[in-house]
Amino acid sequence: MSQLTPAQARLGDHGTTTDGREPEGSLPPDLEAPHEPGWLTRARRKHLGLKTAPLGILGLAGLVFWYYQSLNLAESKVQIASPLAWGTKLWPQTVEHLTIAFWSTVLVVVVAIPLGIALTRPPLRRFGPTIVAVANSGQALPAYGLLILFLSMLGQGLRTVVVALVLYALLPVLRNTMVGLDAVERSVIEAGRGMGMTRWQVLTRIELPLAVPVILAGVRVAMILNIGMATLAYLIGGGGLGVTIAVGLKLQQDAVLVIGASIVAIVALTFDWLGALAETYLRPKGV
Amino acid sequence: MSQDAKIRLDHVQKKYLGSKAPAVDSLTLEVPEGEILVLVGPSGCGKSTTLRLINRMIEPTGGRIFLDEEDVTTVDPDHLRRRIGYVIQQIGLFPHQTIAQNIATVPKMLKWDKARIAERVDELLSVVGLDPEVYRGRYPSELSGGQAQRVGVARALGADPEIMLMDEPFGAIDPITRDRLQNEFLRVQETLRKTIVFVTHDIDEAIKMGDRIAILGEQSHIRQIDTPERILAFPVDDFVRDFIGSGSTLKGLHFEIVDDNVELDPYPTMTVDSTAAEGLALARAAHADWVLLLDASHRPLRWVPVDELEAGGPVTAESGTEVLAKVSLGATLFQALEQMLVSSAAVACVVREDGSYHGVVRLTYLNRVIRQARREAREHYERLEAMA
Ligand SMILES: Nc1ncnc2c1ncn2[C@@H]1O[C@H](COP(=O)(O)OP(=O)(O)O)[C@@H](O)[C@H]1O
Ligand SMILES: [Mg+2]
């Protein structure tokens, strides 16, 4: 009984009542500006911690430096002066320490992230829990035992240390990669696939960027684990600041012990802070 | 089989791995170009599965799927999907990308150049009623649910696909915003003329959005497929009747328009300069209890009751009661009914564009229209049955 299109008929936009009422309300409520988004607030709060942490680290470093100066190495006995010599002992050991931590962390990242990705893909998904359980038990082993185990297999040296540490620190990164990828909402992936993104595109453009904060948190944990564990490297001739600490223990020189341990602490805190920086600035915007 | 179907499913079947009965069982369906076909049915009847078979998010286990009469059952699904807009209830905006980047997803994959993409993003934001200046740089977490779904629709329209698949797109949105989004979407569709398959479990949404509605039962079996008017006028069986629920007659009135083709009932009218006696004579002649008083330019003014006319005296712009409710030509009969319910004379007063009196719609008229619609629908199905 009418030539109007069904859409027009449904809309009734040509048939408004003429008693002066607006057919629809004025400003749609869903066009009002929302409050500041949560991610921005969270980022702000985090920045506060990021700014104060370096002050604490610098304070600790200053304290250690003051203590180191007060020891007056030029005139102290050889048991203290020799292990605490900056140029020949402490500095090279620090570099060694960082080298161990660096390579083991890099290797952890290179191994654990792709493994985590693979274990969240459909074909390998069902192996995920098993692999995590294995990695879990790896971490449950005493670190000392793990080092000795690898010493017997790979011999002395830096390489053995790195391999042992990689195994030890694999879990946090692997687990966080899997958790981070699993936490990406199904609907987001569904929408991506529905628009014709390939699996690879969805992984690289959607899933991984969204999982970055969680993965980075795992990497940060692994890095700190590695810096701490590297103090045991001296046990199998891997060097590092553990040497100084061990000497301090053996010679019963508290000053040596304190200085060695403090440098490890400063290094660990510094890298933890760098990790936090990375987490903040590499976190995708909007999340 | 007509040759101009934009989407054609031919005995499509989907049996999920590990389940005994198929989720979609031998579904044959055609969607002509430019139509909104709504799939509606109870939860779990296979609507989403059917929709996802069309863009091969789910691989069929039987049958063929044709788009533009091209068999797409085995083409590369990723490329296929770039031709088809897809909107889901959960929206699934990429939270780490701006609104502009979200909308640019498909154009970027299709390697459009930057300027063209930027232009397209702004155009689409305007189409869905969001100010590009304000919204293009925002992140999804900075949007309300309604805004997010507007962006969801804009993103699906990204590369101007000819086909859109929408799975309960407004299902998670509050009723007021949903109503607005539905209206806006229909308005947009009037110019875009996409071929749309729209899934919902809400019969009212189906009636509102669909050019045609397919009412689905278990395993996506089509129980009735037709225009909303005809389904409302003539549900083919109890399943459909139950699913439509009560009030289908009222809902049907949304589809009937008061226009020039309608023969409106006359009503006794008088103007301000006629006398009470003249008015009374008119009312008596028409067996009416009221006379409609018009102003100098023939606009309805007051309902004057016969008692008042009998009492004599001058008829002025204060006589009787005000004509509160008027419907313009082009209103639906549903609106006319609403006005009837508030009108003193229990009729809806129809006015032309300039506000002048045209006629009235009475309840008996609605009754006539409803019975006619039912008769036509029944005859239509009888013809179909005779042909089969
Ligand atoms: N991925 C799946 N695997 C197995 N069964 C499924 C899957 N998805 C849906 N189903 C089943 O298929 C049937 C139809 O589901 P669906 O299409 O989602 O229904 P609707 O969208 O109409 O609610 C349901 O019985 C559901 O349990
Ligand atoms: Mg569904």
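Order of the sequence lines fixes the chain letters, A, B, ..., with proteins taken first and strands second; residue numbering starts at 1 for each chain.
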**Item:** Heavy atoms from other residues, nucleotides or ligands near CD of E353(B) exceed 12 (cutoff 6.0 Å)
**Value:** no
**Item:** Under 3.5 Å donor-acceptor, R193(A) side chain and M57(B) backbone
**Value:** no
**Fill in**
So side chain to side chain donor-acceptor pair (under 3.5 Å) across residues 177-189 of chain A, not counting sequence neighbours, yields R125(A)-D182(A), E185(A)-S187(A)
**Prompt:** What parts of residues 194-202 of chain A touch chain B if we use heavy atoms and a cut-off under 4.5 Å?
**Reply:** G194(A), M195(A), G196(A), M197(A), T198(A), Q201(A)
Only distances under 3.5 Å count here; give the side-chain donor-acceptor pairs of residues 83-95 of chain B to other protein atoms, sequence neighbours excluded, each with its distance to 0.1 Å.
from	atom 1	to	atom 2	distance (Å)
Y86(B)	OH	E190(A)	OE2	2.5
Y86(B)	OH	R52(B)	NH1	3.4

**Request:** Give a yes or no answer on whether the side chain of H96(B) reaches the backbone of R205(A) with a donor-acceptor pair at less than 3.5 Å.
**Result:** yes
**Prompt:** Who among V188(A), V184(A), I189(A) has the most heavy-atom pairs with chain B under 4.5 Å?
**Reply:** V188(A)
**Prompt:** Which residues from residues 108-121 of chain A are near chain B, with near meaning under 4.5 Å between non-hydrogen atoms?
**Reply:** none
**Heavy-atom pairs under 4.5 Å with chain A, option from R155(B), H79(B), Q97(B) with the top count** = R155(B)
